[in-house]
Amino acid sequence: MTDPIYQFRREIDPVDFDLARCVVSGQVFRWESPAPGHWRGADGATWWDAHEVLGGWSVVSNQPSSTWDRFFRGDVSGAEFRARVTLAGPEVGPLFAMLPGHRLLRPACAREVLFSFVCTANNHLPRIRRMVRHLAEFGIPMTRPDGTVARAFPTLDKLVLVSESQLRAAGFGYRAAYVTQLVQELVARGGETWLDDLRNRPTPELRRTLRTLPGVGPKVADCVALFGFDRTEVVPVDTHVWQIAVRHYFPDWAAETLTARRYEQIAEFFIERFGPDAGWAHQVLFCDNLIHGRSRRIPKA
DNA sequence: TAGGGACCTGCC
DNA sequence: GCAGGTCCCT
């Protein structure tokens, strides 16, 4: 039995959408480029195979074009977003020119986002990708028309079979325990049903609830809320955002450390300034800080 | 509520 | 030495 295959084409304006920039910016971790102008990606049980064509992308997928559009937030105008953010925060405006085509993504699989970001704790991108790919290997295989195999991100009944020692051997380090404990806890709370039900919760409750999961602190919880549950007003405050916030908005904190209280103050500041655009605006600042390496060594002054 | 330290692994 | 932190303990 073979799944239906969809083929479609998307015209794009490079200022509005740069596929490579979007999928390597650290929002999602299962995209790779086997060749120039060719990208393969997955989200939950969806896979895409995209080839660059004149003025856009030609896409093959096991899901219709609407799934692609949703993932890349095609319903939101990047130009209008940039205009709103530049108005609310002039300091962000100049960054858009350096990050053309950057977009806030909207993965459909909250489970994949949750496990992915548990892997990001005190970690760096290449290894995060490797770990998420490793987890994905426990998912069911999906053969593409060209014979290559994509993986559905494993469901809990698959993940529950994975041991901590197995993950440690695979290089997860201490996050191996986070993953296995997270699986146990999710199962105990009602599994996929419980996770799906989180979609109906108001954002403050969602954030609080996610934080009660093992391996999920404030930062990871907010990444999951922002990316996995489409709460676009949520701003995960990581080391980069902390440095950005201090540099741009809270100079008095230059000698301070990030506490739970300051975390919330920064998050609230972003929401007040950018409203529902806060999450995307934060992502722009984050990417800029990441790319231009300003996170390295704050001068003690 | 804050502050300090441990924790896997890999790359600068 | 540090990375897109979390957890545990004063």
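In this text, all values refer to a predicted model and were calculated from it rather than measured experimentally. Within every chain, numbering begins at 1; the chains are lettered A, B, ... in the order of the sequence lines, protein sequences first and strands thereafter.
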**Study point:** A:Arg168: partners by salt bridge (charged side-chain N to carboxylate O under 4.0 Å, His left out), with sequence neighbours left out
**Key:** A:Glu164
Revision key, fill the gap. The salt bridge (charged side-chain N to carboxylate O under 4.0 Å, His left out) partners of A:Arg129 (sequence neighbours excluded) come to none
Review point. Toward the 5' end of DNA chain B, which comes first, A:His124 or A:Thr257, by nearest nucleotide?
Key: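 Closer to the 5' end of DNA chain B: A:Thr257.
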Point to revise | Distance-only donor-acceptor check, side chains A:Arg189 and A:Thr212, under 3.5 Å | key: yes
Check your understanding: Among side-chain atoms of A:Thr148 and A:Arg144, is any donor-acceptor pair under 3.5 angstrom?
Key ->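 Yes, A:Arg144 and A:Thr148 have a side-chain donor paired with an acceptor closer than 3.5 Å.
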**Study point:** Bounds of contact between DNA chain B and chain A, in 5' to 3' order, using a heavy-atom cut-off under 4.0 Å
**Key:**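 Range of nucleotides within reach of chain A: B:dA2 to B:dG10.
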Exercise for review: Pull out every residue in residues 19-30 of chain A that has a heavy atom closer than 4.0 Å to any atom of DNA chain C, ordered by number, or say none.
Suggested key: A:Ser25, A:Gly26, A:Gln27
**Study point:** Within residues 160-181 of chain A, residues whose heavy atoms come under 4.0 Å of DNA chain B
**Key:**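 A:Arg168, A:Gly171, A:Gly173, A:Tyr174, A:Arg175 - these, ordered by number, are the residues of the stretch whose heavy atoms sit under 4.0 Å from the strand.
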For [X], which residues count as a side chain to side chain contact (heavy atoms under 4.5 Å, CB included) partner, sequence neighbours excluded?
X        : answer
A:His38  : A:Pro34, A:Ala35, A:Arg40, A:Asp49, A:His51
A:Glu80  : A:Ser77, A:Arg84
A:Glu137 : A:Arg151

Exercise for review: Under 3.5 Å for both distances, Watson-Crick or G-U wobble, that's the pair rule; now give the dot-bracket for DNA chain C, with | marking pairs to another strand and [ ] for crossing ones.
Suggested key: |||.||||||
Exercise for review: Any ring pair (Phe, Tyr, Trp, His ring centres under 6.0 Å) involving residues 81-100 of chain A? Give me the pairs, sequence neighbours left out, ordered by first then second residue.
Suggested key: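 Qualifying pairs: A:Phe81-A:Phe96, A:Phe81-A:Trp280.
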Point to revise | Donor-acceptor contact below 3.5 Å, side chain A:Arg231 vs main chain A:Phe229 | key: yes
Revision key, fill the gap. Heavy atoms of A:Leu104 and A:Gly279 approach each other most closely as CD1-O, 4.4 Å
Point to revise | Qualifying salt bridge (Lys or Arg N to Asp or Glu O under 4.0 Å) pairs with a residue from residues 118-128 of chain A, counting only residues at least two apart or across chains | key: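 Found none.
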Show me the side-chain donor-acceptor pairs of residues 109-117 of chain A shorter than 3.5 Å, one per line, residues at least two apart or across chains.
from: A:Arg111; atom 1: NE; to: A:Glu192; atom 2: OE1; distance (Å): 3.0
from: A:Arg111; atom 1: NE; to: A:Glu192; atom 2: OE2; distance (Å): 3.3
from: A:Arg111; atom 1: NH1; to: A:Phe153; atom 2: O; distance (Å): 3.1
from: A:Arg111; atom 1: NH1; to: A:Pro154; atom 2: O; distance (Å): 2.6
from: A:Glu112; atom 1: OE1; to: A:Arg30; atom 2: NH2; distance (Å): 3.0
from: A:Glu112; atom 1: OE1; to: A:Gly44; atom 2: N; distance (Å): 2.7
from: A:Glu112; atom 1: OE2; to: A:Arg30; atom 2: NE; distance (Å): 2.9
from: A:Ser116; atom 1: OG; to: A:Glu112; atom 2: O; distance (Å): 2.6

